[in-house]
Amino acid sequence: MSRHVHPYLLPLISCILACIVWSGVAVPPEVTYNRETQQLSVNATGQSLLAVLGQLTSQTGWLIFVEPESNPAITTNFKDAEIGAALESLVGNMNYAMIPQSDGPTKLFIFRTSRGNATLQVRAAEDETVTIRRVGNELIVTVEPGTDIEALAKKLGAKVTGQLEGTNTYRLTFEDDAAADSARTQLAGEPGVKRVDNNYVVDGRKPAQTVAQGPQPPVKLTLNPPSGNGGIIVGLVDTGVQRLGGDLDQFLLKPESVSGDSALPSDELTHGTSMAETILRSIALCSGGDTSIQILPIDIYGSNPTTSSFAVA
């Protein structure tokens with residue numbers, strides 16, 4: 001059975017490419033402060049205000065305080081902006097007060113009501129922040145309907161190596177990183193091109209971890225088949241899923257893979273298998289022992305140690 005991206009989900013694709021959240025690790029915003037010129041550059045797509053400010057205090061050494069519960073999502077992209085203009089872009093409809101200190105770091109207060117209510121100090125981003133690595137010789141290109149993507153790729157010296165089904169978004173693979181960088185500049189002036197994104201490496205086929213309280217009892221759950229097409233399907237985007245054994249295998253739909261087949265280990269659980277069992281255990285606790293919910297395993301790794309944001313999308 002063919003599955004397509006629902007049209008209501010299409011606006012999420014570009015956000016997915018720009019900000020992948022995988023196994024609890026989020027792509028951080030890009031914040032750069034030039035101390036010599038006192039200019040700020042920020043690239044954030046849907047990240048929280050606190051995440052951006054955490055990077056900002058790491059870059060500047062400022063003490064930043066916000067009014068509690070003021071943590072909107074931010075989407076902004078500017079380069080080498082003066083501090084005043086940069087802060088106005090960051091805080092949106094909130095207020096800010098910047099107070100230089102003669103005997104210490106500058107203090108920045110961000111608030112909705114009054115400066116005195118900005119009492120929550122922003123923690124600096126940890127030094128071990130995840131390093132974001134792009135796939136250097138690839139670009140993700142979204143084009144207008146009717147655009148000949150094959151002709152465009154040939155013109156750029158690239159190959160079309162993937163498509164987000166049901167959309168006009170394609171993965172283009174180039175000979176090397178330099179060719180991809182050159183093509184990005186050329187694509188900015190190409191008619192029919194709506195958006196150009198990087199493809200990013202997603203690390204870590206994490207192994208399953210044992211729980212401290214010891215082995216769990218078997219999951220007891222009965223499948224109550226849904227009538228017609230009204231059943232709920234949980235898409236498990238992870239590693240491959242092994243057989244669960246007993247009656248639990250009937251809760252697994254035919255798996256799909258976007259990264260090729262993989263040989264699943266026989267001596268240890270995959271992360272996907274662990275998550276599938278966790279999902280079913282939670283359903284059993286909440287449903288009273290029977291459900292029509294089934295799981296669709298989607299393997300985004302195949303036999304590879306890493307995958308990409310395009311594969312996740």
Side-chain angles (χ1 to χ4, degrees), residues 1-17 19-25 140 161-167 169 171 199-200 202-209 216 218-266 268-313:
M1 179 170 61
S2 175
R3 292 182 174 85
H4 297 271
V5 178
H6 195 286
Y8 291 126
L9 297 180
L10 298 185
L12 294 178
I13 294 299
S14 61
C15 181
I16 291 172
L17 292 171
C19 180
I20 289 296
V21 178
W22 176 246
S23 296
V25 178
I140 310 302
T161 54
Q163 177 186 5
L164 294 180
E165 192 171 1
T167 77
T169 298
R171 180 178 63 197
N199 194 15
Y200 293 95
V202 177
D203 282 316
R205 297 190 296 170
K206 295 187 177 182
Q209 297 179 349
Q216 296 286 308
V219 180
K220 295 182 179 180
L221 193 60
T222 301
L223 179 64
N224 182 17
S227 58
N229 295 320
I232 296 175
I233 296 175
V234 177
L236 178 56
V237 182
D238 205 310
T239 65
V241 175
Q242 299 145 317
R243 293 179 62 85
L244 300 178
D247 295 334
L248 296 184
D249 285 327
Q250 62 186 324
F251 291 93
L252 300 178
L253 298 173
K254 183 179 179 181
E256 297 186 4
S257 175
V258 297
S259 299
D261 296 330
S262 63
L264 301 178
S266 59
E268 63 178 1
L269 292 180
T270 66
H271 188 270
T273 302
S274 177
M275 291 301 98
E277 183 174 321
T278 299
I279 291 168
L280 294 178
R281 187 177 299 279
S282 299
I283 292 172
L285 290 173
C286 299
S287 68
D290 67 280
T291 183
S292 62
I293 299 174
Q294 292 177 288
I295 297 173
L296 171 61
I298 303 174
D299 184 356
I300 57 169
Y301 287 98
S303 58
N304 306 306
T306 64
T307 186
S308 71
S309 55
F310 183 83
V312 177

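Every heavy atom of this structure was used, including side-chain atoms; hydrogens, water molecules and symmetry mates were not. Here, residue 1 is the first one in the sequence, and each next residue gets the next number.
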Visitor: Do the side chains of V202 and Y301 get nearer than 4.5 Å, heavy atoms only?
Guide: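 Contact flag for Y301/V202 side chains = yes.
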Visitor: Considering residues at least two apart in sequence or located in another chain, which fulfil the side chain to side chain donor-acceptor pair (under 3.5 Å) criterion with T161?
Guide: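 If we apply the side chain to side chain donor-acceptor pair (under 3.5 Å) test to T161, skipping adjacent residues, the hits are R171, T173.
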Visitor: Check this for me: D261, atom CG, are more than 12 non-hydrogen atoms of other residues, nucleotides or ligands nearer than 6.0 Å?
Guide: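 No - once you tally the heavy atoms of other residues, nucleotides and ligands closer than 6.0 Å, there are 12 at most.
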Visitor: Please report the interatomic distance OG(S282) to CD(E277), rounded to the nearest 0.5 Å.
Guide: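 The CD atom of E277 is 10.5 Å from OG of S282, to the nearest 0.5 Å.
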Visitor: For L280, what residues pass the side-chain contact (heavy atoms from CB on, under 4.5 Å) criterion, not counting sequence neighbours?
Guide: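 Scan of L280 (side-chain contact (heavy atoms from CB on, under 4.5 Å), adjacent residues dropped) gives V219, L221, L244, L248, F251, I283, I295.
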Visitor: If only side-chain N and O atoms count, and only distance matters, is there a donor-acceptor pair under 3.5 Å linking S309 with N199?
Guide: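 There is such a pair (donor and acceptor under 3.5 Å, judged by atom type) between the side chains of N199 and S309.
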Visitor: Give the intermediate values and the outcome of side chain to side chain contact (heavy atoms under 4.5 Å, CB included) for residues V258 and F310.
Guide: CA-CA 10 Å; V258 297; F310 183 83; over 6 Å; no
Visitor: Looking only at heavy atoms, which two atoms of T167 and T169 are closest? And how far apart?
Guide: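 It is OG1-N, 3.1 Å.
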Visitor: Where do A311 and T307 come nearest, in terms of heavy atoms and distance?
Guide: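 Scanning both residues, the minimum pair turns out to be CB-OG1, 3.2 Å.
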Visitor: Which residues pass the side-chain contact (heavy atoms from CB on, under 4.5 Å) test with Q250, sequence neighbours left out?
Guide: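 So Q250 forms a side-chain contact (heavy atoms from CB on, under 4.5 Å) with L223, D247.
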Visitor: Test M275 against every option in D238, T239, V241 by the side chain to side chain contact (heavy atoms under 4.5 Å, CB included) rule and name the one that passes.
Guide: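 The residue from D238, T239, V241 that satisfies side chain to side chain contact (heavy atoms under 4.5 Å, CB included) with M275 turns out to be D238.
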Visitor: Restricting to side-chain contact (heavy atoms from CB on, under 4.5 Å), what partner residues turn up for S257, sequence neighbours left out?
Guide: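 Listed in chain order: D299.
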Visitor: side-chain contact (heavy atoms from CB on, under 4.5 Å) with P265: which residues, sequence neighbours excluded?
Guide: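 With neighbours one apart ignored, the set is Q242, D267, E268, T270.
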